[in-house]
Protein chains: 2
Amino acid sequence: MPRDTAADPKQEILRTSARLFQQRGYDATSMNDVAAALKLSKGGLYHHFQSKDEILFEIMNHAMEITQERVLNPLQGIADPEERLRTLIRLHIEVVLSPRDREITVMLHENHPLPPSLRKRINARKKEYVHFLEKLIAEVQQKIRTQKPRGNGSADAAKAKVSPRAAAFALLGMINWIYQWYKPEGDLQAQNLIPQFTELVFGGFFA
Amino acid sequence: MPRDTAADPKQEILRTSARLFQQRGYDATSMNDVAAALKLSKGGLYHHFQSKDEILFEIMNHAMEITQERVLNPLQGIADPEERLRTLIRLHIEVVLSPRDREITVMLHENHPLPPSLRKRINARKKEYVHFLEKLIAEVQQKIRTQKPRGNGSADAAKAKVSPRAAAFALLGMINWIYQWYKPEGDLQAQNLIPQFTELVFGGFFA
DNA sequence: TCGCCTTTACTGCACGGTACGTTATGGCGG
DNA sequence: CCGCCATAACGTACCGTGCAGTAAAGGCGA
């Protein structure tokens, strides 16, 4: 339950820690760094969280919750697979572009020393998302295939058949790579990026 | 000049360091860890490299050279833009999938503490690659536009115009995200992945 | 002889975490 | 209303450990 409560010191610690971990790396960010950024002492920090590990643990849990609530849950009311995929693309990109969500969710994609059980949970969640996306893409492929009968069969023979799995990884790459290049002051923002990426998926790069 | 010389201790140190840095993170990998993995002492390690920083520096330089030699240089003899783009996709994916190149080049995409000058150089190289790709995609768009006259204009009005820039980032995302999900023992390997990703680019996800 | 180590010991520093003291605040009872 | 107490939320000083890097002496093999 990520409540927007700037008055909650624990949330503030998590947010600041996530930002510093992302900027400098987990191991290169000391608890003194985090404390200083919060204008606390280290002792004050340890009043709220038992260890540095616990902070990382909580950040990861929070990041997984964001994806669940912001992306996956709103899709459940959408029956049409194509519409569902379009909405997924939009929602996922919105999470990546949102400053608040970005600094937390980027942590899911970086290599952190995590306890095996947490690492396992995160990997399981990632796999679920991939499978979900894979199935959704398969549905959309099926739908489009029954709506548009194939023409000029011999021209299509040279084209590779794209598996939903490869397509799912490609789409995740397109979206999640945004963490690497996105700039809040750049000219690619939600209102032009989402339509373009959606068009790349549905119309191709050169349609 | 990355020479395939397993007898070159410096190269061996760089390779092993890159692997460990990638697995555990730069800061969480000690010089003792690196030395132990090489069956050396720390003192022996410092005989070859002056500092941990220097090792990281050399790894990064090497990674940039790989991209230049393996991807960009071979493209120069190809006149046709579409052919050039197809080849770029193939070569870039091959780099990511090659065990030797992957463990070095992945370092380019992780958040390491780097001296500002090296960070600046890497960012400049990345930008060059993006610009190169952007221009190439624009050429292909232009070529395809002059070859295939647009039909049913009103049906196209609802489609977003995809800028070469957005397309370039999307393509880089597709390819570079492979670092995140690829498994040497998985069912997606070069011979099926390259055709599928190429098809995704040229034919779309649902063509 | 020289390159390439090993071993040992060390330095200075920074780290995560701990222990204890202090302060501010709220609640309660006389 | 005020004193007292409990507690949360700190701050400071400290601990033990591990780090990058250094130095010196010596060994071994080509």
Side-chain angles (χ1 to χ4, degrees), chain A residues 3 5-62 107 110-119, chain B residues 3 5-62 107 110-119:
Chain A
R3 284 173 300 156
T5 140
D8 184 352
K10 281 194 137 183
Q11 290 300 314
E12 201 55 38
I13 293 170
L14 292 180
R15 188 158 298 282
T16 299
S17 302
R19 192 182 313 129
L20 292 176
F21 292 166
Q22 205 268 323
Q23 284 171 2
R24 307 176 188 181
Y26 176 75
D27 293 301
T29 306
S30 71
M31 290 298 263
N32 258 331
D33 294 334
V34 176
L38 290 156
K39 305 218 163 36
L40 277 189
S41 68
K42 197 166 52 160
L45 189 51
Y46 274 98
H47 175 81
H48 292 276
F49 290 94
Q50 193 175 6
S51 66
K52 193 179 180 185
D53 271 352
E54 190 190 357
I55 294 180
L56 184 59
F57 184 87
E58 292 293 334
I59 290 170
M60 294 301 198
N61 280 332
H62 188 186
M107 301 291 284
E110 314 220 327
N111 220 0
H112 297 291
L114 296 169
S117 63
L118 184 57
R119 170 54 65 196
Chain B
R3 283 173 303 158
T5 139
D8 185 351
K10 280 194 137 184
Q11 291 301 314
E12 202 54 37
I13 292 170
L14 292 179
R15 188 157 299 283
T16 299
S17 302
R19 193 184 310 128
L20 293 175
F21 291 167
Q22 208 270 322
Q23 286 170 4
R24 308 177 187 181
Y26 175 75
D27 294 300
T29 306
S30 71
M31 292 299 265
N32 259 330
D33 294 333
V34 176
L38 290 156
K39 306 220 163 33
L40 276 190
S41 67
K42 196 168 57 161
L45 189 50
Y46 275 99
H47 176 83
H48 292 277
F49 290 95
Q50 193 175 3
S51 67
K52 194 178 178 185
D53 271 352
E54 190 190 359
I55 293 179
L56 184 60
F57 183 87
E58 292 292 334
I59 290 169
M60 293 299 195
N61 280 331
H62 188 185
M107 302 291 285
E110 314 218 329
N111 220 0
H112 297 291
L114 296 169
S117 63
L118 184 58
R119 170 56 62 196

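Note that the structure is a prediction, hence the values are computed from the model and not measured. All chains are named by letter (A, B, ...) in the order of the sequence lines, taking the proteins before the strands, and each is independently numbered beginning at 1.
- In summary, contact between chain B and DNA chain D, defined as any nucleotide atom under 4.0 Å from a heavy atom of the protein, begins and ends at D/dC19 to D/dT22 in the 5' to 3' direction.
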Take A/L45 and A/N32 through the side-chain contact (heavy atoms from CB on, under 4.5 Å) test and state the conclusion after the steps. CA-CA 9 Å; A/L45 189 51; A/N32 258 331; over 6 Å; no
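- Within the 4.0 Å cut-off from OP1 or OP2 of C/dC15, at least one side-chain nitrogen or oxygen of A/S30 is found.
- If you take OH of A/Y46 and P of C/dC20, they are 18 Å apart, rounded to a whole angstrom.
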Working note: A/I13 + A/E58, criterion side-chain contact (heavy atoms from CB on, under 4.5 Å); need CA distance, chi angles, decisive distance, verdict. CA-CA 10 Å; A/I13 293 170; A/E58 292 293 334; over 6 Å; no
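- As rounded to whole Å, 17 Å separates atom C1' of C/dT8 from atom CG of B/L40.
- One can place NZ of B/K42 at 11 Å from C1' of C/dA9, the figure rounded to the nearest angstrom.
- One interatomic measurement links the two molecules: OH of A/Y26 to C1' of C/dC15, which rounds to 12 Å at whole-angstrom precision.
- Residue-environment remark: CD (B/Q23) exceeds the threshold of 12 foreign heavy atoms within 6.0 Å.
- For B/D27 and C/dG16, the CG to P distance is 11 Å, given to the nearest whole Å.
- Taking atom NZ of residue B/K10 and atom C1' of nucleotide C/dC5, one finds them 15 Å apart after rounding to whole Å.
- Separating the NZ atom of A/K52 from the C1' atom of C/dT18 is a distance of 17 Å, rounded to the nearest angstrom.
- Of the possible polar contacts, one joining the A/T29 side chain to the A/L20 backbone as a donor-acceptor pair under 3.5 Å is found.
- Atom CD of B/E54 sits in a crowded spot, with more than 12 heavy atoms from other residues, nucleotides or ligands closer than 6.0 Å.
- The side-chain heavy atoms of A/K52 and A/Y26, taken from C-beta on, include a pair separated by under 4.5 Å.
- Rounded to a whole Å, the CG atom of A/N32 is 10 Å from the C1' atom of C/dG16.
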